[in-house]
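Heads up, the thing below is written out as structure tokens.
Every value quoted in this text rests on a predicted model; they were computed, and no experiment measured them. Note that these values count all heavy atoms, side chains included, but never hydrogens, waters or copies made by symmetry.
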There are 4 protein chains.
Amino acid sequence: MLNTMSTSAHPRPGSRTRGRPRDPELRERILDAAATLAMTAGIELGFERIAQEAGASRTTLYRWWDSPQELLLDAMLERTRWSLDHDSEGTAAARLRAQVIDAVEILSAPDTGRPLRALAAGALTNEKVRASFIEHWLEPRRAVAARILEDGMITGEFRQDLDVEAVIDALFSPIYHRLLLTRMPLGRSFGETLWNLVEPGLSPS
Amino acid sequence: MLNTMSTSAHPRPGSRTRGRPRDPELRERILDAAATLAMTAGIELGFERIAQEAGASRTTLYRWWDSPQELLLDAMLERTRWSLDHDSEGTAAARLRAQVIDAVEILSAPDTGRPLRALAAGALTNEKVRASFIEHWLEPRRAVAARILEDGMITGEFRQDLDVEAVIDALFSPIYHRLLLTRMPLGRSFGETLWNLVEPGLSPS
Amino acid sequence: MLNTMSTSAHPRPGSRTRGRPRDPELRERILDAAATLAMTAGIELGFERIAQEAGASRTTLYRWWDSPQELLLDAMLERTRWSLDHDSEGTAAARLRAQVIDAVEILSAPDTGRPLRALAAGALTNEKVRASFIEHWLEPRRAVAARILEDGMITGEFRQDLDVEAVIDALFSPIYHRLLLTRMPLGRSFGETLWNLVEPGLSPS
Amino acid sequence: MLNTMSTSAHPRPGSRTRGRPRDPELRERILDAAATLAMTAGIELGFERIAQEAGASRTTLYRWWDSPQELLLDAMLERTRWSLDHDSEGTAAARLRAQVIDAVEILSAPDTGRPLRALAAGALTNEKVRASFIEHWLEPRRAVAARILEDGMITGEFRQDLDVEAVIDALFSPIYHRLLLTRMPLGRSFGETLWNLVEPGLSPS
DNA sequence: TTCTAAGCGAGACGGTACGTCCCGTCTTGAC
DNA sequence: GTCAAGACGGGACGTACCGTCTCGCTTAGAA
């Protein structure tokens, strides 16, 4: 439950030290190139460009990833591992609120928000990308929130009959919506507004 | 608020009756083809396929639309004009609730949900498509909800200090989120759950 | 029997004047490029290079030819149409001898010999190229010789029991052999030597 | 004049017995694989396939041969050493005739003819292969015929002014021509026809 | 025994060309 | 002016080999 390194593209555990070992520096260059391109240029992410930018051969990218988006997902996962750590102190409400604000922050920062757009675009186009995106990006983050909600429900801080998934949707999908589609202002205050709006629905009685 | 017919692709007003008139049946065939393809096949929507499916020439499509997604948007707008009509009777809460449930219904129906996915994918890739999608699809629907919310705020049924845009986000973006990304169950009951969750945040005191 | 224009790549007779007409100048540029490349550079003939050299798009080449060698064959056929004309005066022996010497001349000239090597290499690798090469290059030339031989057999100038195909092989294949494999000297005198060697086997009694 | 083992790929004489000795069985497997592939599959001979077929590593092939065709040539040379032995009894004419018929037999047998095609294709594409093919395949065979011709010229059985190379070309190149290009019937009777055709040109007076 | 040179398999890597697909533009004739 | 047909340039795709390389393991004579 800790690691969550990557979706693929790591030395297979079975094949210990046979043949020329993979060049780890190269891998980094590739991930960097993808992240950079996804941030600066638009959505048009292709193996061609990434390879060029990274000074790598296109063939090498094809060896390790099935699509540019999966590559980018790997890059994003490595660069945002911290965002899954969360405080376990304080009330469930405080912790959940903090997570909402964290999410706003991550999605509004250009170096994560922009790549995430590219990722989401890929997820809409390519079923495999969608699966990876959900499994490695969305799901882990939802799980953190779900855990907090369940805690709160057990301690009586929240209502017992909450639909956990729906609550998570209400709290976080607006952020993605603004990032991906409407591009309405996405700042800390939006996170707070959102929380204040949904919070009354969580309390008992 | 009346028209909202189309984004483009209608006989230019300036060019009154010179030369061969546009074939209206052909236009229908093209829109149908786009809608059908967007529903059945995947996201891969292109002029090539649409033209083939419609028995039209690629040139014709290029004459009238800038991208397949804008074409599809036209098709969708014509086929869902009804969804903007809304009852003006009853409490603001009831009317808003009804709109949420309507939205769930539209987005979960295959013949509208699937094309919408294609549309959203296009919006993420192509800036112009995004603008059209927001202007002709999202915004009119948000405006309806905004009107209801403002009504409720005036009559005192809702709190005075609501952030209208945020409320709309909280109520509707989860539906798009499920349609586009998570594909979690999207049925009438989800709309109700969602409403019940957010509604407490709307009431005064 | 006159034309022998090309193997393919000519406007299909059925499709009269619909759509943009083919650019004939472009076709010439492409054939020229292929002939030039086949003469100067080595055997490595690819659509990529030809397109580049001709200032054409690779796609265009693919539209009209199945392989670079078939393209080259087209170029060769257009540039050597004269070589099928032959004198119909004089004894059969004299005419046949002249054809042998013509063949030596054609195959030893760099601008025909070199491309022919490339063509033969293609014929060995690609079954379809081989078929075209035989049908459009070898066979017409063999037919001319066959005709002369049959004439001579009828008039009694040659033996009646000649195996026409074998005679042609004996007279012409040595030339191809020197061109393609051994690269031994290939000049007019070789043609004469060859003729003098085989001629005794043709005469009656 | 006897050995004619191989073109390369034999333990270098300089490096006497240091390090792990070469695996001779492996070498056989590789040569077999090449011969088999050249016979069954088409012309497309590559290190990749051969290695796979032989259960060897690509690296190993690269260590010993410069190209798949040179490898194949080695295989062919080992498998046809017998064909250079020839009877030294009888008239020069009889011996030469026998060699022609032997050649037809070798080239028409699938397990030698097909690989020879691949070899010839390689010779047309790759200058180094061509050199090897001539030096180790064609030249030794031509030398045998040249020897017989010279014998015959000395004894007066043949004309004194023969162009030995041209005679050899006339007698043997038709066989290669049929094998490589025209694929016309290639049987013992063709050899006889060929001989009967050229023989008159060899006799004195 | 240890050392060391070579054989060998596995596999990473850069590279080139391939053949295909779709795009967007254009040119033509017919209506 | 609309429409169908189709040529054309262009870009990216995913694949197949190629030739080189860097490893670790093995083999066997030499120190």
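Listed by chain and residue number, A:Leu181, B:Val129, B:Arg130, B:Phe133 satisfy the side-chain contact (heavy atoms from CB on, under 4.5 Å) test with B:Ala123 (two or more places apart in sequence, or in another chain). Take A:Ser67 and apply the side chain to side chain donor-acceptor pair (under 3.5 Å) test, not counting sequence neighbours, and it matches A:Glu70. Partners of D:Thr59 according to the side-chain contact (heavy atoms from CB on, under 4.5 Å) rule, which considers only residues two or more places apart in sequence or in another chain, are D:Ser57.
Neither OP1 nor OP2 of F:dA7 sits under 4.0 Å from any side-chain N or O of C:Trp64.
Regarding A:Asn126, its CG atom lies at a distance of 16 Å from the C1' atom of F:dA12, rounded to whole Å. Atoms CG (A:Leu37) and P (F:dA12) sit 12 Å apart, rounded to a whole Å. For B:Gln52 and F:dA5, the CD to C1' distance is 13 Å, given to the nearest whole Å. Residue A:Leu61 contributes atom CG, which lies 13 Å from atom C1' of E:dG15 at whole-angstrom precision. Atoms NZ (C:Lys128) and P (E:dG19) sit 11 Å apart, rounded to a whole Å. If you measure from atom CD of C:Glu25 to atom P of E:dC26, you get 19 Å, rounded to the nearest angstrom. Between the P atom of E:dG15 and the CD atom of C:Glu44 lies a distance of 20 Å, rounded to the nearest Å. The CD atom of A:Glu28 sits 18 Å away from the P atom of E:dA12 (whole-angstrom rounding).
Mapped onto DNA chain F by nearest heavy atom, C:Gly19 and C:Pro24 fall at different nucleotides, with C:Gly19 at the one closer to the 5' end.
No more than 12 heavy atoms of other residues, nucleotides or ligands sit less than 6.0 Å from atom CZ of A:Arg49.
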Residues C:Ile30, C:Arg27; criterion side chain to side chain contact (heavy atoms under 4.5 Å, CB included); working and verdict:
CA-CA 5 Å; C:Ile30 292 171; C:Arg27 181 170 184 273; 5.7 Å; no

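The side chain of B:Arg63 has F:dT2 as its nearest neighbour among F:dT2, E:dC13, F:dC8. Of the candidates F:dA7, E:dG9, E:dT28, E:dT28 carries the atom nearest the C:Pro21 side chain, counting heavy atoms from C-beta on.
Taking the side chain as every heavy atom from C-beta outward, B:Glu44 and A:Thr125 approach each other to under 4.5 Å. Residues A:Glu78 and A:Glu28 have side chains in contact (heavy-atom distance under 4.5 Å, counting atoms from C-beta outward). Inter-residue side-chain proximity for A:Trp64 and A:Asp74 is flagged as unmet; no heavy-atom pair is nearer than 4.5 Å.
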Under 4.0 Å protein heavy-atom contacts per nucleotide of nucleotides 20-25 of chain E, with B for base, S for backbone only and - for none
BBBSBB

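Within residues 114-123 of chain D, no residue approaches DNA chain E, by heavy-atom distance under 4.0 Å.
For D:Thr60 against E:dG7, no side-chain N or O and base N or O form a donor-acceptor pair under 3.5 Å.
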Can you give me every donor-acceptor pair (side chain of residues 31-40 of chain A, partner residue at least two apart or in another chain, under 3.5 Å) with its distance?
residue : atom : partner : partner atom : Å
A:Asp32 : OD1  : A:Arg79 : NH2          : 2.2
A:Thr36 : OG1  : A:Asp32 : O            : 2.8
A:Thr40 : OG1  : A:Thr36 : O            : 3.0

